[in-house]
Protein chains: 2
Amino acid sequence: MTTEEKIFEAAFRVFQLKGFKGARMQEIADEAGINKAMLHYCFKNKELLFEAVFMNAFGKLAPQINEIFKSQDSIFEKIKKFTDSYISFVMNYPFLPQFIIQEMNNNPEFVTKFLKKENRPDPTKLIHQIENEIKLGILKPINPKQLLIDIFSMTVFPFAAQALLKGMIQVSNEEFMQLMEERKKYIYEQIITSIKK
Amino acid sequence: MTTEEKIFEAAFRVFQLKGFKGARMQEIADEAGINKAMLHYCFKNKELLFEAVFMNAFGKLAPQINEIFKSQDSIFEKIKKFTDSYISFVMNYPFLPQFIIQEMNNNPEFVTKFLKKENRPDPTKLIHQIENEIKLGILKPINPKQLLIDIFSMTVFPFAAQALLKGMIQVSNEEFMQLMEERKKYIYEQIITSIKK
DNA sequence: ATTTGGTTTAACCATTTGGTTAACAAATGT
DNA sequence: ACATTTGTTAACCAAATGGTTAAACCAAAT
């Protein structure tokens, strides 16, 4: 593994855990097992290192989101595939959702920056599809944007609010993960039941 | 307004916007229109000031949550009241949910600390109630914890992930607030449809 | 008028933190 | 063999930051 990779992975871990402001360059260096000057040699400064890490992190999630937006499946199929693949993926990176949401809120300029990327998830197509399936009488007449919010909420929130949730409903990490595993199917069934005509 | 109150409100604003690590004592002092030394005179140090602000913030939300846990209403009634009161309340403090989730994740010791408070929201009663209504055949057989997660997810997530969401589905702040207004009823209807037998 | 108590401030301090420099080592090309 | 580029380190630096101190202010009590 190259030094650059060691730094990157260390930074990924530290930033994810502490956020941009909370992360210390020294800690990243220690975690990577190299000298602090090396950080600035490989990645000019904290901002650039963070940006690399952040964009990479978001890049890991974007495909899961794009899947739901771009594929040719029916709404039902899309929801099933999305919840399943998103939860499966994020169970391996349990802190990713909170990390992204937190930094997006703390640096609103990131939102506009990421929206400019060409692979930006664009929901307009999905919204049209929902409107269409409503017209066809497959779905109940609902606001497509609300449905979209539902899908994200039910899938992403448990991970984003992990600490609070675990504390509140009193579950260990194992039980939590099991709940999330169960949730793959559960979300799909709940949503379908509530929108199918 | 006393100096202490001025400081507290300023700290509330700054911490909410920048988080614990991101907030600067000088900024809070400026925002409060007083000298930095005054902060340390009134609230010994950053941690204590933050703790005061954070516990107060959580205290604002706890009643909304306790309502759903403690009242004598049916599940249906509880969900209706919760979504309505929570969203109404949080529309006046749009950054509160993200603030609390963020700091809970960044300082896991807060979770245990807040769980010790006597007014801690305890969902066991609600879970029993759900199990009971399932037995009575009012609700479909679902995992009560999943239902609880749904309620929180659908209500809290849009606020917690505000920046990302607004960017992704391309809505202005006004449109967002309108969606949230609409959501008070919407969530209730969606959930009821999906769990009513 | 003077003391007394809390309140407020300007100036200061120690530490932390992101970042730099200059020297050194190890490849790499000629 | 030698020069040049690339990788790596220890020591250092300036700015930022949380926190302290000692003096000034000011209202109420004596």
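In what follows, chains carry the letters A, B, and so on, assigned in the order in which the sequence lines appear, proteins first and then strands, with residues in each chain numbered from 1.
- For B/Leu39 and C/dT7, the CG to P distance is 15 Å, given to the nearest whole Å.
- When each of B/Ile34 and A/Lys46 is assigned the nucleotide of DNA chain C with its nearest heavy atom, B/Ile34 is the one assigned upstream, toward the 5' end.
- Judged by distance alone with a 3.5 Å cut-off, a donor-acceptor contact links the side chain of B/Lys36 to the base of D/dG18.
- Considering B/Glu189, B/Gln190, B/Arg183 in turn, B/Arg183 is the only one that fulfils the side chain to side chain contact (heavy atoms under 4.5 Å, CB included) rule with B/Ile187.
- The distance from atom CG of B/Asn45 to atom P of D/dT20 is 8 Å, rounded to the nearest whole Å.
- The distance from atom CD1 of B/Ile7 to atom P of D/dG18 is 15 Å, rounded to the nearest whole Å.
- Distance, B/Asn35 CG to C/dA10 P: 6 Å, rounded to whole Å.
- When distances are taken from the side chain of A/Met38 to each of D/dT9, C/dA10, D/dG19, the shortest belongs to D/dT9.
- As a whole-Å value, the separation of B/Tyr41 OH from D/dC25 P is 17 Å.
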query: What do the steps show when you test A/Asp30 against A/Gln26 for side chain to side chain donor-acceptor pair (under 3.5 Å), and what is the final call?
result: CA-CA 6 Å; A/Asp30 294 347; A/Gln26 187 60 59; 3.0 Å; yes
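- For the pair A/Thr3 and D/dT8, the criterion of a side-chain N or O lying under 4.0 Å from OP1 or OP2 is met.
- Between B/Phe43 and B/Phe50, a ring centre-to-centre spacing not shorter than 6.0 Å is recorded.
- Paired regions of DNA chain D, where each region holds three or more successive Watson-Crick or G-U pairs whose two hydrogen-bonding distances fall under 3.5 Å, are C:1-30 with D:1-30.
- Remark: B/Arg24 is in phosphate contact with D/dG18, judged by side-chain N or O atoms under 4.0 Å from OP1 or OP2.
- For A/Ala37, the side-chain atoms get nearest to C/dT21 when compared with the rest of C/dG6, C/dG19, C/dT21.
- Under a hydrophobic-cluster definition in which Ile, Leu, Val, Met, Phe, Trp and Tyr are linked whenever side-chain heavy atoms come within less than 4.5 Å, directly or via other members, A/Leu17 and A/Met91 are assigned to different clusters.
- Looking at B/Glu67 and B/Lys81, no side-chain N of the basic residue comes within less than 4.0 Å of a carboxylate O on the acidic one, giving no salt bridge.
- Rounded to an integer number of Å, the gap from B/Gln26 CD to C/dC13 C1' is 15 Å.
- Here C/dT8 presents its P atom at 16 Å from NE2 of B/His40, a figure rounded to the nearest Å.
- Across all strands, B/Ala23 comes closer than 4.0 Å only to sugar-phosphate atoms, never to a base (heavy-atom distances).
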- request: Carefully, step by step, assess A/Lys125 and A/Gln129 under the rule side chain to side chain donor-acceptor pair (under 3.5 Å).
  value: CA-CA 6 Å; A/Lys125 215 188 126 190; A/Gln129 184 182 358; over 6 Å; no
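- Comparing atom distances between the B/Met25 side chain and each of D/dG18, C/dT9, C/dT20 picks out D/dG18 as nearest.
- Classification of A/Glu181 and A/Lys184 as a salt-bridged pair holds, one side-chain N sitting under 4.0 Å from a carboxylate O.
- One interatomic measurement links the two molecules: NZ of A/Lys21 to P of C/dG18, which rounds to 11 Å at whole-angstrom precision.
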